[in-house]
Amino acid sequence: MHLNSDTHPLSNAFLNLCYQSDASRIRRRLFKLNKEVDSDKKTQTLAQLSEQAQAAFEKVELRRNARPKIHYPENLPVSLMRDDIARAIAGNQVVIIAGETGSGKTTQLPKICLEVGLGCRGMIAHTQPRRLAARSVASRIAEELQSPLGEVVGFKVRFADALKSDSYIKLMTDGILLAELTSDRNLDQYDTIIIDEAHERSLNIDFILGYLKQILKKRPDLKVIITSATIDVERFSKHFNNAPIIEVSGRTFPVETRYRPLVQDSDADLDQIEGIFAAVDELVSEGLGDILIFMNGEREIRDTAEQLSRRNYRDTEILPLYARLSYGEQSKVFNSHRGRRIVLATNVAETSLTVPGIRYVIDPGTARISRYSYRTKVQRLPIEPISQASANQRQGRCGRVGPGICIRLYDEADFNNRPAFTDPEILRTNLASVILQMLAIGLGDIAGFPFIEPPDPRHIRDGFLLLEELQAVESKHNKLVLTPLGRNLAQIPVDPRLARMVVESQQLGCLNEVLVIAAGLSIQDPRERPMEKKQASDEAHRRFADPSSDFVSWINLWQHLKEQQKELSASQFRKKCRDEYLAYLRVREWQDLYAQLKQAVHDLKWRLNDTPASYDTLHRALLSGLLSHVGFKDNNNEYLGARNRKFFVFPGSPLAKKGPKWIMAAELTETSRLFARCCAKIEPEWLEPLAAHLIKKAM
DNA sequence: GAGCACTGC
């Protein structure tokens with residue numbers, strides 16, 4: 001029989017019916033076999049591969065027959081449209097599903113896929129922007145399919161998974177899917193990819209959508225489903241060659257929008273707090289129901305909460321809500337309550353967290369939005385007017401339990417003049433990390449990558465510049481390519497600057513300490529600082545402070561935790577953390593991330609140092625990643641280096657008098673959460689890479 | 001001595 005015959009196990013037609021990852025492996029071996037000259041060996045391998053193909057075919061049959069029985073909750077809008085959806089999926093490689101919350105698309109789509117026969121030649125990948133969502137969606141679908149979590153339906157997020165090799169549906173964060181690209185270029189383990197919440201347009205989502213567009217031709221069997229809120233869906237459709245859009249209605253209640261601008265006809269202008277008072281008064285007179293007020297930040301929330309509580313609304317509790325809040329305080333918004341509740345929240349409440357039972361929303365119309373300034377080379381968090389899409393999302397937060405009212409503290413003309421959508425992250429961020437990943441996967445020209453919205457060329461250039469400073473890329477034949485060091489950076493799953501420190505520390509013999517610090521600087525600060533216990537918590541934390549360096553305090557805290565953990569039982573340790581104003585879950589995250597980094601350096605065949613590192617080597621390693629954020633003063637107290645770099649010298653400090661040999665402080669990444677002091681004596685040779693870039697710029 | 005939302009590997 002000839003290989004071209006459709007029934008031969010090694011024919012293309014047959015392999016197309018086999019389990020995809022096996023088929024792809026067999027194809028690769030067939031391709032290699034072309035070069036084999038020994039005909040006996042060739043025949044033998046062909047027989048072997050035929051057998052494997054047969055098994056891979058049967059695997060698909062087995063999976064098809066073992067699928068669970070599928071039922072749909074009849075009251076969901078998406079259930080009613082499942083035939084339309086099934087038909088669209090069967091007839092198109094890419095389908096866009098647009099629907100608001102409450103349509104049931106997230107839970108029902110993978111079931112529809114399974115029912116039409118997908119999930120058999122490979123798993124159904126289903127991505128979520130957040131870990132928590134990935135896990136809880138997995139549980140919900142597993143429950144509906146009456147299968148324990150991790151069997152038919154599993155999940156994989158950073159630090160946790162529950163999945164079997166014969167699972168059908170795999171919930172994951174979009175970041176995990178991206179990370180898997182490194183070892184599975186064509187996503188062969190999947191026959192279907194569902195990208196949920198694509199309208200959020202995170203860096204990960206934009207990158208995945210570009211990547212998928214590229215592999216559709218190589219994987220004609222792969223089905224892709226993009227789901228999004230009903231905003232900007234045409235853009236997705238256009239990106240994927242006019243893929244069909246199916247709209248699914250949501251199940252929400254009508255929301256009345258009232259415009260109450262602060263700026264009125266000249267003399268009656270209100271400031272924001274007065275506007276909020278007036279809006280709260282107005283809503284209180286509407287009747288019972290919880291109120292959600294959007295704010296720009298922690299401080300603003302605290303101030304507003306204080307002023308609102310002074311107004312003594314009857315039977316009303318005021319709750320703050322922001323990400324840095326301790327878990328205990330955050331969870332208060334989920335507790336049942338009597339009377340009225342006013343929740344003052346940052347943007348967490350817009351996407352990440354759904355505050356239950358909200359009937360009224362007050363939207364001042366602004367938010368802090370992270371933006372990379374190409375001019376100053378730093379990431380900033382300016383307060384900006386939010387987009388129409390974002391305002392509508394906020395408004396929708398009060399239509400989930402009944403008809404709602406949303407008061408906007410601006411006028412309708414203002415709303416209509418705003419941009420329709422928030423700029424996607426890719427247009428607002430430093431691209432070093434994305435570029436590094438793209439180079440590592442071998443995607444070639446960043447400028448030619450099919451992004452939905454291509455990033456600003458100046459941002460791309462700056463991304464390369466940062467990578468160059470970190471010595472991760474170099475110019476070769478007029479092209480910027482990854483250096484061996486850069487290849488290592490790409491394998492260390494933290495910000496490239498932090499990864500750079502890890503690489504340097506390996507050479508200097510302080511890997512262990514720097515892993516602790518790099519992990520610590522990547523997570524949310526585990527130190528809690530509750531409003532009413534500021535002093536006590538500061539004192540508890542001060543025990544770990546190091547006079548010369550904030551980085552060393554991380555090490556001190558780490559050691560302390562390790563000792564406590566050794567002595568105490570698990571529950572005692574949890575309690576101890578609480579008593580010492582440390583967030584247990586974040587401590588765990590720190591330890592998990594450390595373990596992950598340790599694994600990564602283990603894979604690189606690097607060894608941890610057994611003896612404690614000296615201050616000098618430690619700081620030298622840390623500075624390698626800080627270069628682009630650090631400047632220094634010469635003996636005349638003149639700045640060397642780009643003045644607009646993040647750069648701090650404490651002028652009053654005695655160390656400032658010591659001249660250019662001391663770096664005093666540096667802000668590592670975008671937010672003050674990572675502000676850290678390090679007073680390190682800098683040896684001239686450490687300065688070379690720094691001086692090369694910075695001094696040249698200063699000239 | 002800064003004072004600034006939220007995610008993700």
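Labels below follow one simple rule: chain letters A, B, ... track the order of the sequence lines, proteins then strands, and each chain is numbered from 1. It should be emphasised that the depicted structure is a prediction, and the values quoted were computed from it without experimental measurement.
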Under 4.0 Å between any heavy atoms, over every strand shown, what does [X] touch: base, sugar-phosphate, or nothing? Just pick one.
X      : result
A:L178 : nothing
A:A367 : nothing
A:E298 : sugar-phosphate
A:N296 : sugar-phosphate
A:T346 : sugar-phosphate
A:R158 : base

Is the phosphate of [N], meaning OP1 or OP2, less than 4.0 Å from a side-chain N or O of [X]?
X      : N     : result
A:S433 : B:dC9 : no
A:T173 : B:dC9 : yes
A:R299 : B:dC4 : yes

Nearest to the side chain of [X] - [options]?
X      : options             : answer
A:N204 : B:dG8, B:dC4, B:dC9 : B:dG8
A:S370 : B:dA5, B:dC9, B:dC6 : B:dA5
A:S352 : B:dC4, B:dT7, B:dC9 : B:dT7
A:R130 : B:dC4, B:dT7, B:dC9 : B:dT7

Distance check needed: [N] [atom2] versus [X] [atom1], whole Å only.
X      : N     : atom1 : atom2 : result
A:F207 : B:dC9 : CZ    : P     : 16 Å
A:R586 : B:dT7 : CZ    : P     : 9 Å
A:I301 : B:dA5 : CD1   : C1'   : 9 Å
A:N430 : B:dT7 : CG    : P     : 21 Å
A:D206 : B:dG8 : CG    : P     : 17 Å
A:R324 : B:dT7 : CZ    : P     : 13 Å
A:I205 : B:dC6 : CD1   : P     : 18 Å
A:L177 : B:dG8 : CG    : P     : 15 Å

Inset, instruction - Return the orientation label for the A:W590 and A:W554 ring planes: parallel under 30°, perpendicular over 60°, tilted otherwise. - result: perpendicular
Legend entry - Charged N-O contact under 4.0 Å between A:E306 and A:R302: no
Legend entry - Charged N-O contact under 4.0 Å between A:R368 and A:E300: no
Inset, instruction - Only pairs at least two apart or in different chains count here, so list each salt bridge (charged side-chain N to carboxylate O under 4.0 Å, His left out) that has a residue in residues 418-438 of chain A. - result: A:R371-A:D423, A:D414-A:R418
Legend entry - side chain to side chain contact (heavy atoms under 4.5 Å, CB included) partners of A:R140, counting only residues at least two apart: A:T107
Legend entry - A:Y372 versus A:D456, side-chain donor and acceptor atoms under 3.5 Å: no
